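I have placed the structure first, in the form of structure tokens, so that the comments after it can refer back to it.
Note that the structure is predicted; figures quoted are calculated from it, not measured. Order of appearance sets the numbers: ligands from 1, and atoms from 1 within every ligand.
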Amino acid sequence: MTLLDRTSIPNAPVAERRQRPAEVDVWVSQIAQLLEPAEIRWVDGSTRERHELLQLLVSTGTIEQLNPDLRPYSFLARSAESDVARLESRTFICTEHEADAGPTNNWREPAAMRAELEGVMRGAMRGRTMYVVPFAMGPIGSPMARFGVQVTDSPYVVVSIGTMTRMGDAALDAIARGASWVPAVHSVGAPLAPGQQDVPWPCNDTKYIVQFPETREIWSYGSAYGGNAILAKKAYALRIASVMARDEGWLAEHMLLIKVTPPSGKSYHLAAAFPSACGKTNMAMMTPSLPGWKVETIGDDIAWLWIGADGRLRAINPEAGFFGVAPGTGMRTNPTAVDALWGNTIFTNVARTDDGDVWWEGLTDEKPARLTDWRGEQWTPDSGRPAAHPNSRFTVSARQCPSIAEDWDDPEGVVIDAIIFGGRRASNVPLVVEARDWDHGVFMGATIASEQTAAAEGTVGELRRDPFAMLPFAGYNMADYFAHWLDFGRRLRRSARVPRVFQVNWFRKGADGSFLWPGFGENARVLEWMVGRLDGQIGAVDSPIGSLPSDGALNVEGLELDEAALTELFRVDPAAFEAEADDIEAFFATFGDRLPVELSRQLTLLRDRLAAA
Ligand code: GDP
Ligand code: PGA
Ligand code: MN
Ligand code: MN
């Protein structure tokens with residue numbers, strides 16, 4: 001048998017499509033022939049089914065139940081040590097022509113990858129149950145909703161998909177009514193021989209996360225970590241969806257979505273793209289330090305944006321839950337998240353307290369005297385290692401978030417007033433800058449650099465270009481992606497108000513190595529300046545890299561921030577940006593003549609402004 005080519009799936013007559021659409025049925029049986037599971041189970045998405053799966057996971061030792069008095073109906077999973085983050089080196093974009101995947105992706109020739117996958121996938125589910133998991137991204141009934149079916153041999157992945165998407169019968173019904181769907185195959189790659197004892201976290205040292213954007217297929221092998229295994233999320237809602245978006249004229253982005261309401265009562269919607277572990281979930285759940293200000297959550301990781309019938313930029317959060325970074329989440333930084341995690345939460349790779357609750361660095365200021373660390377070993381504050389893995393995560397339903405906006409799942413989305421790009425930069429990049437116009441904003445997005453975090457493998461702290469925070473997620477040539485954004489601006493300009501574009505950096509450090517800006521709820525002060533800009537009510541001064549708050553325009557009242565720190569936060573060093581410009585030029589050169597000329601022009605303009613400064 002050859003791996004299924006999407007085009008070979010027979011189309012079932014519409015009349016026959018009921019609960020189990022025939023084309024899904026056919027695909028499932030073909031996949032089962034390859035993977036050879038002991039059993040096939042269709043997932044309906046019910047609460048009872050979730051309960052049964054959680055019980056099963058407890059019985060196999062994959063998760064343990066936390067103390068129900070302290071953390072009702074919540075669980076702790078400890079992964080294998082090698083399965084703690086996304087694996088960018090094992091993530092592949094398979095297109096007929098290498099140039100269509102572009103220089104920023106790992107490309108493989110589709111036929112060669114199919115042969116390779118067939119090799120590892122054959123018999124991969126022996127001795128295990130194959131779950132068939134229909135899901136919707138976006139509110140079912142929204143013009144933006146998209147569908148998929150994932151097969152997986154991991155019940156942990158099934159319950160995770162249950163939190164992160166609209167999973168089960170409702171999605172399958174929509175497919176039965178004719179909605180198109182993306183097939184996604186996932187196996188932990190740990191077949192069981194008859195009588196073989198399972199391990200708590202089955203996975204394989206060899207891993208693949210493979211996207212075929214042209215045939216809209218996903219294959220994942222060897223990992224059960226969320227970002228590698230909940231295929232609806234990064235693989236579909238970003239990598240495959242970015243290609244759909246290019247073809248259909250919309251945007252699939254690594255962005256949080258918030259509704260901001262100042263004391264005036266007039267609300268604004270903002271979308272912000274930061275790389276993984278650079279502050280999206282925190283900003284999405286911000287408790288503003290400024291009196292009378294309110295921030296409500298719409299999404300914390302992924303946004304799909306399109307131009308509505310009214311010509312305005314609209315956006316939905318295609319997800320239904322949060323897969324958030326635990327370390328750093330505490331009452332002082334993100335009380336909303338702490339509240340959201342009161343119960344019904346799955347924690348992965350955090351530490352456990354003696355009384356059966358969870359802990360991670362930053363949850364409380366004081367470290368518990370004794371813990372069981374994320375590896376399951378005894379831990380004390382003198383152990384000299386983190387108790388929770390730096391990329392430990394919580395998985396919780398969006399509905400449980402106290403700051404969730406009333407219109408968070410509006411099928412028509414929300415109108416976006418501003419777009420924000422950001423990264424983690426110890427030096428050079430000011431706290432906030434406003435782009436001169438859309439095209440300059442695209443240049444800002446295209447040239448974002450950020451220090452690497454624990455969310456993916458690699459050296460933490462290493463600076464790299466991460467355009468639009470999409471480096472690991474764009475399913476096609478990044479230069480074409482830039483062109484798509486430029487084109488989007490032209491379409492917006494024709495019909496309506498174009499959103500303003502800003503760049504932020506919460507992570508600039510002083511000479512002593514500590515953050516200059518207090519961040520978290522105090523980031524509301526930056527929102528205040530942005531909203532003032534949207535209304536044309538607040539001052540800005542020109543700089544070579546964009547507009548900065550004019551003297552006194554950023555409200556720092558009541559902050560313990562000395563004059564020197566404030567100056568440093570906004571310092572634009574021409575020499576440092578000359579060096580940035582050189583680095584950007586080298587980065588742009590990797591795209592050859594596929595790079596839109598507008599971006600080369602923006603670089604020239606930046607150099608001219610730097611020379612004149
Ligand atoms: P996401 O992965 O982009 O959603 O990022 P998170 O919001 O989960 O944050 C990742 C890490 O950055 C956590 O450890 C946070 O505590 C930290 N963080 C988030 N916002 C800020 C901020 O404004 N200032 C500082 N210093 N750290 C932040
Ligand atoms: P994050 O999401 O952006 O919240 O870290 C997971 C990821 O990007 O791996
Ligand atoms: Mn993310
Ligand atoms: Mn997040």
Go through ligand 1 atom by atom and flag the ones less than 4.0 Å from a non-hydrogen atom of Pro327.
13 (C), 14 (O)
Using distance alone, decide if ligand 2 has a nitrogen or oxygen within less than 3.5 Å of any nitrogen or oxygen in Lys234.
yes
Salt bridge flag under 4.0 Å for residues Arg464 and Glu462:
no
Protein contact to atom 12 (O) of ligand 1 [nearest heavy atom, distance to 0.1 Å]:
Arg424 NH2, 3.1 Å
Looking only at distances, can you tell me whether any N or O atom of Lys233, backbone or side chain, sits closer than 3.5 Å to an N or O atom of ligand 2?
no
Parallel, tilted or perpendicular: which describes the rings of Tyr476 and His484, with under 30° parallel and over 60° perpendicular?
perpendicular
To the nearest 0.1 Å, how far is atom 22 (C) of ligand 1 from its closest protein heavy atom, and which atom is that?
Phe520 N, 3.7 Å
Does Asp205 have more than 12 heavy atoms from other residues, nucleotides or ligands lying within 6.0 Å of its CG?
no
Decide whether the shortest distance between a heavy atom of Phe274 and an atom of ligand 2 is less than 4.0 Å.
no
Report the C-alpha separation of Phe322 and Phe394 in whole Å, then their side-chain angles, then the decisive distance to 0.1 Å, and conclude whether the ring pair (Phe, Tyr, Trp, His ring centres under 6.0 Å) test is met.
CA-CA 7 Å; Phe322 305 123; Phe394 54 79; 7.9 Å; no
Looking only at side chains, do Glu457 and Ser89 share a donor and an acceptor under 3.5 Å apart?
yes
Quick one: sort the Trp359 and Trp379 rings into parallel, tilted or perpendicular, breaks at 30° and 60°.
tilted
Using a 4.0 Å heavy-atom cut-off, which part of Asn523 comes near ligand 1: side chain, backbone, both, or neither?
side chain
Can you list the atoms of ligand 1 that are under 4.0 Å from a heavy atom of Thr281?
1 (P), 4 (O), 7 (O), 8 (O)
Side chains of Ser79 and Asn349 only: does a donor on one sit below 3.5 Å from an acceptor on the other?
yes
With heavy-atom distances below 4.0 Å as the criterion, list the atoms of ligand 2 near Phe473.
8 (O)
Angle between ring planes, Trp304 versus Tyr236, binned at 30° and 60°: parallel, tilted or perpendicular?
tilted
Closest non-hydrogen protein atom to atom 5 (O) of ligand 2, residue and atom name please, with distance?
Arg393 NH2, 2.9 Å
Could you check, using the six-membered ring where one of them is a Trp, whether Phe323 and Tyr225 have ring centers closer than 6.0 angstrom?
yes
For ligand 1, which atoms, with element, lie under 4.0 Å from some heavy atom of Pro275?
3 (O)
Distance-only polar pair, side chains of Trp201 and Glu81, donor-acceptor under 3.5 Å:
no
With no hydrogens and no angle check, do the side chains of Thr261 and Ser267 hold a donor and an acceptor under 3.5 Å apart?
yes
Geometry only, no angles: is Ala277 polar-contacting ligand 2 at N/O separations under 3.5 Å?
yes
Is it the case that Trp517 and Asn523 place a side-chain donor and acceptor less than 3.5 Å from each other?
yes
Ligand 1 to Ser276, heavy atom cutoff 4.0 Å, flagged ligand atoms 2 (O)
Residue pair Phe135, Phe147: steps toward the ring pair (Phe, Tyr, Trp, His ring centres under 6.0 Å) verdict:
CA-CA 6 Å; Phe135 62 84; Phe147 300 88; 8.7 Å; no
Which atoms of ligand 2 are found less than 4.0 Å from any heavy atom of His254?
3 (O), 8 (O)
Quick one: does Gly227 get a heavy atom under 4.0 Å from ligand 2?
no
Would you say Ala277 has any N or O atom under 3.5 Å from an N or O of ligand 1, going by distance alone?
yes
Closer than 2.8 Å to the Mn ion (ligand 4): does that hold for any N, O or S atom in Ser276?
no
Where does Phe322 meet ligand 2, judged by heavy-atom distances below 4.0 Å: at the side chain, the backbone, both, or neither?
neither
Is there a donor in the side chain of Tyr131 and an acceptor in the side chain of Asp153, or the other way round, less than 3.5 Å apart?
no
To check your reading of the model: name the closest protein heavy atom to atom 9 (O) of ligand 2, its residue, and the distance in Å.
Arg86 NE, 2.5 Å
From the candidates Thr333, Val325, Asp301, Asp300, the one that places a heavy atom nearest atom 8 (O) of ligand 1
Val325
Heavy-atom proximity to atom 1 (P) of ligand 1, best of Lys280, Arg332, Lys509
Lys280
Ring-plane angle category for Trp374 and His389, please: parallel below 30°, perpendicular beyond 60°, tilted otherwise.
perpendicular
Tell me, with the steps shown, if Gln503 and Val432 meet side-chain contact (heavy atoms from CB on, under 4.5 Å).
CA-CA 6 Å; Gln503 180 180 341; Val432 58; over 6 Å; no
A student checking ligand 2 against Lys280 at a 4.0 Å heavy-atom cut-off should list atoms 1 (P), 3 (O)
Starting from atom 5 (O) of ligand 1, what is the nearest protein heavy atom, named by residue and atom, and what distance separates them?
Gly279 N, 2.8 Å
Hey, looking at atom 25 (C) of ligand 1, which of Phe323, Phe507, Phe394 has the closest heavy atom?
Phe507
Before signing off on this row, confirm whether Met283 and ligand 1 have an N or O atom pair separated by under 3.5 Å.
no
Is there a polar contact, in the sense of an N or O pair closer than 3.5 Å, between Phe515 and ligand 1?
no
Salt bridge check, Asp357 against Arg352: does any charged N sit closer than 4.0 Å to a carboxylate O?
no
Would you mind listing which atoms of ligand 1 come within a distance below 4.0 Å of any non-hydrogen atom of Asn282?
6 (P), 7 (O), 8 (O), 9 (O), 15 (C), 19 (C), 20 (N)
Starting from atom 8 (O) of ligand 2, which protein heavy atom do you reach first, and at what distance in Å?
Ser276 OG, 2.4 Å
Numbering the atoms of ligand 1 from 1, which are under 4.0 Å from a heavy atom of Gly328?
14 (O), 16 (O)
